[in-house]
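Read through the structure below, which is laid out as structure tokens, and then see the notes.
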Amino acid sequence: MWDNIVPDNFIEEEILKDLKSGRAKEVITRCPPEPSGYWHIGHCKAWIIDFETAKKFGGYTNLRMDDTNPTKEDGDFANSYVNDLEWLGYTPKNVIYASEAYFEDIYKIAEDMIRDGKAYVCELSAEEVSQTRGTLSEPGIESPYRNRSVEENLKLFHDMRDGKFEDGKATLRAKIDMAHPNMNIRDPVMYRVMRATHYKTGDKWCIYPMYDFAHPMEDALEGVTYSLCDISFEDHRPLYDWFIANGWKGEYPPRQIEFSKLNLENVLLGKRYLKKLVNEGKVMGWDDPRYLTIVGMRRRGYTAEAIKEFIKSLGLSKCDSTIPFNALEYYIRADLNMKATRAMAVLDPLKVVITNYSGSEEIEIANNPNVENAGSHTSRFSNTIYIDADDFSLNPPPKYNRLVRGGMVRLKGAYIIRCNDVVYKDDGSIDHLVCEYLPNTKSGNDTSGIKVKGTIHFVSQDNCTEVTIRNFKNLIKDEYLDPSKALADGVDVDELLTPDSLTETTALVENYLLSAKPEDKFQFMRKGYYTLDKDSTADHLIFNNTISLKDGYKPQ
RNA sequence: UGGAGUGUAGCCAAGCGGUAAGGCCCGGGAUUCUGACUCCCGUAUGCGUAGGUUCGAAUCCUACCACUUCAGCCA
């Protein structure tokens, strides 16, 4: 049945072995966020693995809120995940709230474990537990409460649930091994007393299971067969397996497999840091286009497909890795190249007067020359136009293919022009260029036989509108390739920030863009990709610079 | 310094005893009414190091080295 599946990575290899040996019979995965923050590109990697792996083996994936700590969680986050997944193009089979779906069952499993002598109620304080845990090289000390009778433990555990202990006064602990070299195994806490209103279950519970106990039980209860997570949980796997072995009686036990997480150069994804900048008003919000949150990337103009292709291109391993940002940018450009509508925009206008032309006429601009049937839209040419200032040079560097005094260029979609004169302002700067056009050179209808080296974009005075452009630089200064390490080394967060990571400029765009809707994607030809920001109003458009085009021009 | 994990090109990453895939970056060229895209070509006598086994080793064995990670009643 599985014979024609070819594994693409070590996780799929492991799964295939299990399937063939009968250890597992299907592939059901889960994406298990704690609803306590917005998703970012790092989470994307995990969700892509969860969904793609299950899909490959004909299984499915659930979205499960791992909401076992009411002091940190919020239902708004949970809702955002459903939207983010949808945007990414994934539909979970079920949306589950662990608190609602499993708390009662997990509690019963805990009772069974007490009956089996596998768990005990401990009344050591948090500090005492910490002090008796031992160190990396020394064993811990067993709790004085470790050998209570089953009856006493059961009664005390019920007391915990019934609110007879104050917060922090008692825990349920797994009875494993206080001398184990893996610290996680030294009688880990399974339940703590915590009076907090849960966004989903309200005040129904005053005890909450810990991740290490809850997670494997949730997986098992849910029928999840593969619990894929990042490498930071590797040390927890023995515990995961212990809880499955000692707490769950089912036939096909879930299996945890870890992979390395995604790090990007110059990018900080820590929740604390993102939150701090939002609170201090240093960014526009969680969806700031400089953030690599899902909502931020979306607002910036990144596409879900580009993000997915990027992550898939990275492969899967357990090695620590940090990916250069330009690896992501490649996929953003590649996807936008096929999706963005071409348009003309002049970012730094220089006026050009065409002396031998009068009036105005329509021209056609292909919406996307790389896509068949993308169609075209109408723009205009007239005797007064604007070109970008850097497309004209008084002292052209070598191999400069744009407009120079006495030289010719083609205006995209219109005519070839020649620059005959330069008119200066009183301060010595250029006021405008005086040009002539070559009448028989119109695009698509050129009978002149004249070849020019350069084609530049422009807008016509009678067909353009001023808009705001938001330009972004990396939030983190270039020299901090690993900002989390810098932070750990004591560098202040503010020191990491690029001072002018957001700048606003204006541009003249062809009027075709007036009908754009938020999130519409455009390529401003020869410049970059832009998307309309949600802050735009009918008479004031704001475009976010998603990413520039590559510039292969190297003078010399 | 106890446990766990990882070392293949500048960055990722295939490879699973038969003589180092691919992608990004970079360099060169072609093409181009976007200096984009596209298309060619080039980039590890070498796989953390040192030994060993073998006709043959990135793959097996031994030792060592480096890096990451774990001492929440967080997830």
Side-chain angles (χ1 to χ4, degrees), chain A residues 8-9 13 32-34 36-37 66-69 71-73 122 124-127 129-131 133-140 167-173 179-186 188-194 207-208 210-212 214-215 229 231-238 258 260 265 310 312-324 326-331 333-334 337-338 342 344 365-366 368-370 399-402 409-414 416 441 443-444 446 451-457 523-529 548-555:
Chain A
D8 282 326
N9 54 251
E13 279 176 17
E34 180 189 31
S36 64
D66 211 1
D67 51 0
T68 56
N69 185 350
T71 65
K72 301 178 93 175
E73 295 150 10
C122 177
L124 252 25
S125 69
E127 197 186 338
V129 169
S130 173
Q131 281 165 356
R133 189 170 354 252
T135 69
L136 295 180
S137 49
E138 297 161 37
D167 285 14
K169 294 294 184 190
T171 57
L172 182 72
R173 288 229 256 167
H180 197 104
N182 180 340
M183 307 282 294
N184 297 126
I185 307 297
R186 322 243 259 227
V189 172
M190 296 165 62
Y191 267 95
R192 75 283 216 187
V193 180
M194 184 186 265
I207 57 172
Y208 290 90
M210 297 286 290
Y211 166 87
D212 278 317
H215 204 87
C229 59
I231 203 118
S232 63
F233 294 98
E234 196 158 36
D235 286 340
H236 296 250
R237 182 171 9 108
E258 311 84 16
S260 68
E265 281 180 359
F310 162 65
K312 289 179 189 174
S313 78
L314 263 19
L316 209 49
S317 74
K318 299 181 76 157
C319 312
D320 285 344
S321 64
T322 302
I323 313 298
N326 59 26
L328 203 206
E329 293 183 322
Y330 172 85
Y331 290 90
R333 289 194 180 99
N337 181 226
M338 301 308 282
R342 302 309 107 127
M344 297 204 281
I365 297 296
N368 192 328
N370 296 332
K399 291 189 182 173
Y400 187 78
N401 290 342
R402 289 106 101 160
V409 282
R410 150 144 257 130
L411 294 174
K412 177 73 186 178
I416 292 174
T441 60
S443 292
D446 187 337
K451 292 273 184 247
V452 289
K453 278 184 292 183
T455 299
I456 65 173
H457 57 98
Q523 184 198 87
F524 291 175
M525 280 188 284
R526 304 207 307 130
K527 287 299 171 184
Y529 294 99
S548 67
L549 246 29
K550 279 178 90 169
D551 184 4
Y553 174 55
K554 294 176 209 74

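Numbered from 1 within each chain, the chains take letters A, B, ... in sequence-line order.
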Distance between [atom1] atoms of [N] and [M] (Å, rounded):
N: B:rC60; M: B:rG17; atom1: C1'; result: 8 Å
N: B:rG7; M: B:rA50; atom1: C1'; result: 16 Å
N: B:rU43; M: B:rA20; atom1: P; result: 14 Å
N: B:rG48; M: B:rU68; atom1: C1'; result: 15 Å
N: B:rC47; M: B:rA30; atom1: P; result: 38 Å

side-chain contact (heavy atoms from CB on, under 4.5 Å) against [X], all qualifying residues, sequence neighbours excluded:
X: A:Ala179; result: A:Pro139, A:Asp177
X: A:Glu127; result: A:Ser125, A:Gln131
X: A:Pro238; result: A:Asn182, A:Ile185
X: A:Met183; result: A:Arg133, A:Leu136, A:Arg186

Atom pairs, N/O to N/O, protein against nucleotides 9-13 of chain B, distance under 3.5 Å?
| unit_1 | atom_1 | unit_2 | atom_2 | d |
| --- | --- | --- | --- | --- |
| B:rC11 | O3' | A:Thr322 | O | 3.3 |
| B:rC11 | O2' | A:Thr322 | O | 3.0 |
| B:rC12 | OP1 | A:Thr322 | N | 3.1 |
| B:rC12 | O2' | A:Leu314 | O | 3.1 |
| B:rA13 | OP1 | A:Ser317 | OG | 2.3 |

Upstream residue (5' side of RNA chain B) when A:His215 and A:Leu328 are each assigned their closest nucleotide: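 By nearest-heavy-atom nucleotide position, the 5'-most residue is A:Leu328.
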5′-ward residue of the pair A:Asn184/A:Met194 relative to RNA chain B: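 Counting from the 5' end, the first nearest nucleotide belongs to A:Asn184.
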Measure from [atom1] on [X] to [atom2] on [N] and round the result to the nearest Å.
X: A:Asp8; N: B:rG23; atom1: CG; atom2: P; answer: 16 Å
X: A:Ile231; N: B:rG7; atom1: CD1; atom2: C1'; answer: 13 Å
X: A:Met183; N: B:rU69; atom1: CE; atom2: P; answer: 16 Å
X: A:Asp212; N: B:rG72; atom1: CG; atom2: C1'; answer: 10 Å
X: A:Glu258; N: B:rU69; atom1: CD; atom2: C1'; answer: 12 Å
X: A:Ile185; N: B:rA71; atom1: CD1; atom2: P; answer: 13 Å

Residue list, salt bridge (Lys or Arg N to Asp or Glu O under 4.0 Å) with A:Glu265, at least two apart or on another chain: none
N/O (side chain, [X]) to phosphate O (OP1/OP2, [N]) under 4.0 Å:
X: A:Arg526; N: B:rG35; value: yes
X: A:Arg133; N: B:rG72; value: yes
X: A:Arg192; N: B:rC74; value: yes

B:rG52 glycosidic torsion: syn (within 90° of 0) vs anti: anti
Candidate pair A:Lys412 and A:Arg526, rule side chain to side chain contact (heavy atoms under 4.5 Å, CB included), full reasoning: CA-CA 10 Å; A:Lys412 177 73 186 178; A:Arg526 304 207 307 130; over 6 Å; no
With sequence neighbours excluded, residues passing ring pair (Phe, Tyr, Trp, His ring centres under 6.0 Å) with A:His215: A:Tyr211
Partners meeting ring pair (Phe, Tyr, Trp, His ring centres under 6.0 Å) with A:Phe524 (sequence neighbours left out): A:Tyr530, A:Phe543
Sugar-phosphate, base or nothing in reach of A:Gly454, heavy atoms under 4.0 Å: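 It contacts nothing in the nucleic acid.
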Sugar-phosphate only, base, or nothing, as touched by A:Arg402 at under 4.0 Å among non-hydrogen atoms: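 Since a base atom lies under 4.0 Å of A:Arg402, the category is base.
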Nearest to the [X] side chain among [options], which nucleotide is it?
X: A:Phe233; options: B:rG15, B:rA75, B:rA71; answer: B:rA75
X: A:Lys72; options: B:rA71, B:rG35, B:rC74; answer: B:rC74
X: A:Ser137; options: B:rG2, B:rC24, B:rU34; answer: B:rG2

Please produce a list of atom pairs where a protein N or O lies less than 3.5 Å from an N or O of nucleotides 36-41 of chain B.
| unit_1 | atom_1 | unit_2 | atom_2 | d |
| --- | --- | --- | --- | --- |
| B:rC37 | O2' | A:Asn337 | OD1 | 2.8 |

Distance-only donor-acceptor test (3.5 Å): side chain A:Glu13, base B:rC16: yes
Donor-acceptor pair under 3.5 Å, A:His236 side chain vs B:rA75 base: yes
